[in-house]
Amino acid sequence: MTTDQETMSDRLHVAIIMDGNGRWATERSLPRTAGHHAGVRSLRATVEAAVERQIHTLTLYAFSSDNWQRPQSEVRALMRILAAQLPSQAARCVRQNIRLSIIGRRDRLPDPVLQAVLRAEARTLHCTALHLRLAIDYSARDSLTRAARHVGNNGNGDFLQALMRAYNADSLVPDVDLLIRTGGEQRLSDFLLWECAYAELYFMPDYWPDFDGTKLDTALCAFQKRQRRFGKVPA
């Protein structure tokens, strides 16, 4: 990474919609769960690349609230993967000084997943090299609605604090600078709608299991060439 990229990523918040696991597997005549297992490998590689590139915050869309509508066999498989992978991922995070936190609803998570979430967050709370956030049972619309209802019912209060509580975040993070979506689709799918108000969007055809540090660099280089004006006239 160049010096310019290192400066650029000092406080960079990158969010990724990890799309295409199922299609990746189907095209290889494999069960969809094989795509999710392959996606875990890409997640690990991407997290390591984010640390190397000194990205400040990395938010990954792991399971949306709408994903509960998928076939129950696939949902159960995804929950088993989460419960099995969170402890090992937390151990890696500790070794790499990465803080791991989960955003989204927790009341619908199976108990093994919820307990793995709580232990992973506690183990990595002190880490500072990267803030890795996994969005699980997450819906931006639901979070915004519940935050607005909370502020309205109380007659006052800070909306951002209410929004944090709505999706179980324990600290404010910078707004998203770069949103990447794999898999060829070009939509936000109810992900970080508030935080992506001025995010640069980068869509790529590659399925998530094919994503790695090189693909991340491609997106970062494209981001670096964008002119971000935030509604102002460029100097």
Side-chain angles (χ1 to χ4, degrees), residues 1-19 39 42-62 89-90 92-104 120-121 124-136 138 140 143 160 163-164 167-183 186-204 206 208 210-232 234-235:
M1 175 171 283
T2 66
T3 301
D4 288 342
Q5 286 175 300
E6 289 171 355
T7 301
M8 173 194 69
S9 64
D10 183 45
R11 296 287 296 177
L12 193 69
H13 183 177
V14 175
I16 305 179
I17 300 175
M18 306 181 292
D19 195 18
S42 291
L43 185 152
R44 292 173 183 165
T46 301
V47 170
E48 291 177 1
V51 174
E52 292 171 359
R53 287 142 185 81
Q54 299 179 351
I55 290 172
H56 180 271
T57 305
L58 178 65
T59 304
L60 304 177
Y61 208 3
Q89 185 62 46
R92 290 187 182 88
C93 285
V94 171
R95 290 195 296 270
Q96 297 177 329
N97 194 27
I98 299 169
R99 181 185 175 195
L100 174 60
S101 59
I102 311 301
I103 62 172
E121 290 181 326
T124 63
L125 184 62
H126 65 284
C127 298
T128 59
L130 168 73
H131 189 180
L132 170 62
R133 306 194 309 165
L134 297 182
I136 301 174
Y138 176 87
S143 299
L160 288 180
L163 184 59
M164 286 169 49
Y167 58 69
N168 290 294
D170 61 1
S171 62
L172 286 170
V173 300
D175 283 347
V176 175
D177 298 292
L178 171 63
L179 174 75
I180 303 168
R181 180 170 187 147
T182 62
Q186 298 186 23
R187 54 178 177 265
L188 295 180
S189 296
D190 198 17
F191 184 48
L192 300 177
L193 300 181
W194 179 276
E195 295 89 337
C196 283
Y198 279 99
E200 295 295 324
L201 309 181
Y202 186 85
F203 302 106
M204 58 197 319
D206 310 81
W208 175 248
D210 295 323
F211 194 87
D212 56 16
T214 300
K215 300 286 174 56
L216 177 61
D217 283 340
T218 299
L220 290 172
C221 287
F223 171 79
Q224 192 176 18
K225 296 174 183 176
R226 306 275 180 94
Q227 186 180 61
R228 307 185 75 199
R229 297 188 294 273
F230 300 98
K232 297 177 288 187

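Heavy atoms only: backbone and side chains are in, while hydrogens, waters and symmetry mates are out.
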Task: Pairwise side-chain contact, I102 with N168, heavy-atom cut-off 4.5 Å (strictly under) - done: no

TODO: Please list, chain by chain and in numerical order, all residues satisfying side chain to side chain donor-acceptor pair (under 3.5 Å) with R92, sequence neighbours excluded.
DONE: none

Task: Any residue meeting side-chain contact (heavy atoms from CB on, under 4.5 Å) with S171, in chain and number order, not counting sequence neighbours - done: R99, H131

Side-chain donor-acceptor distances from residues 191-203 under 3.5 Å, at least two apart:
| from | atom 1 | to | atom 2 | distance (Å) |
| --- | --- | --- | --- | --- |
| E195 | OE2 | Y167 | OH | 2.7 |
| E200 | OE1 | R226 | NH1 | 2.9 |

Open item on the list: I need the R228 CZ to L178 CG distance, nearest 0.5 Å.
Closed with: 8.5 Å

Task: Note, H13 side chain near T59 side chain (heavy atom, < 4.5 Å) - done: yes

TODO: Could you list the residues that satisfy side-chain contact (heavy atoms from CB on, under 4.5 Å) with C93, not counting sequence neighbours?
DONE: Q89, I98, L100, T124, L132

TODO: Answer yes if the side chains of T128 and N97 hold a donor-acceptor pair under 3.5 Å, and no otherwise.
DONE: yes

Task: Pair D217 + R53: basic N to acidic O under 4.0 Å - done: yes

Open item on the list: Could you tell me if the side chain of L130 sits less than 4.5 Å from the side chain of L58, heavy atoms only?
Closed with: yes

Open item on the list: Distance check, rounded to the nearest 0.5 Å: L60 atom CG versus I17 atom CD1?
Closed with: 11.0 Å

TODO: Taking the side chain as every heavy atom from C-beta outward, state whether F211 and I180 have any atom pair closer than 4.5 Å.
DONE: yes

Open item on the list: Using the side chain to side chain donor-acceptor pair (under 3.5 Å) criterion, which residues pair with R181? Sequence neighbours excluded.
Closed with: D19, S189

Task: CD-CD distance between E48 and E52, expressed to the nearest 0.5 angstrom - done: 7.0 Å

Task: L134 side, atom CG; S101 side, atom OG - distance, nearest 0.5 Å - done: 8.0 Å

- [ ] Find out whether L12 and F223 are in side-chain contact, i.e. whether some heavy atom of one side chain is under 4.5 Å from a heavy atom of the other.
- [x] yes

Task: D212 vs S42 side-chain heavy atoms within contact, under 4.5 Å - done: no

Task: D177 side chain reached by V14 side chain, heavy atoms, under 4.5 Å - done: no

Open item on the list: For the OG1 atom of T57 and the CZ atom of R133, what is their distance to the nearest 0.5 Å?
Closed with: 7.0 Å

Task: Atom of I16, atom of W208 and distance for their closest heavy-atom approach - done: CG2-CZ3, 3.7 Å

Open item on the list: Minimum heavy-atom separation for L216 and T46, please, with both atom names.
Closed with: CD2-O, 4.4 Å

TODO: Measure the CZ-CG distance between R11 and D175 for me, rounded to the nearest 0.5 Å.
DONE: 11.5 Å

Task: For T182, side chain to side chain donor-acceptor pair (under 3.5 Å) partners two or more places apart - done: none

TODO: Using a strict cut-off of less than 4.0 Å between a Lys/Arg side-chain nitrogen and an Asp/Glu carboxylate oxygen, indicate whether D210 and K215 qualify as a salt bridge.
DONE: no

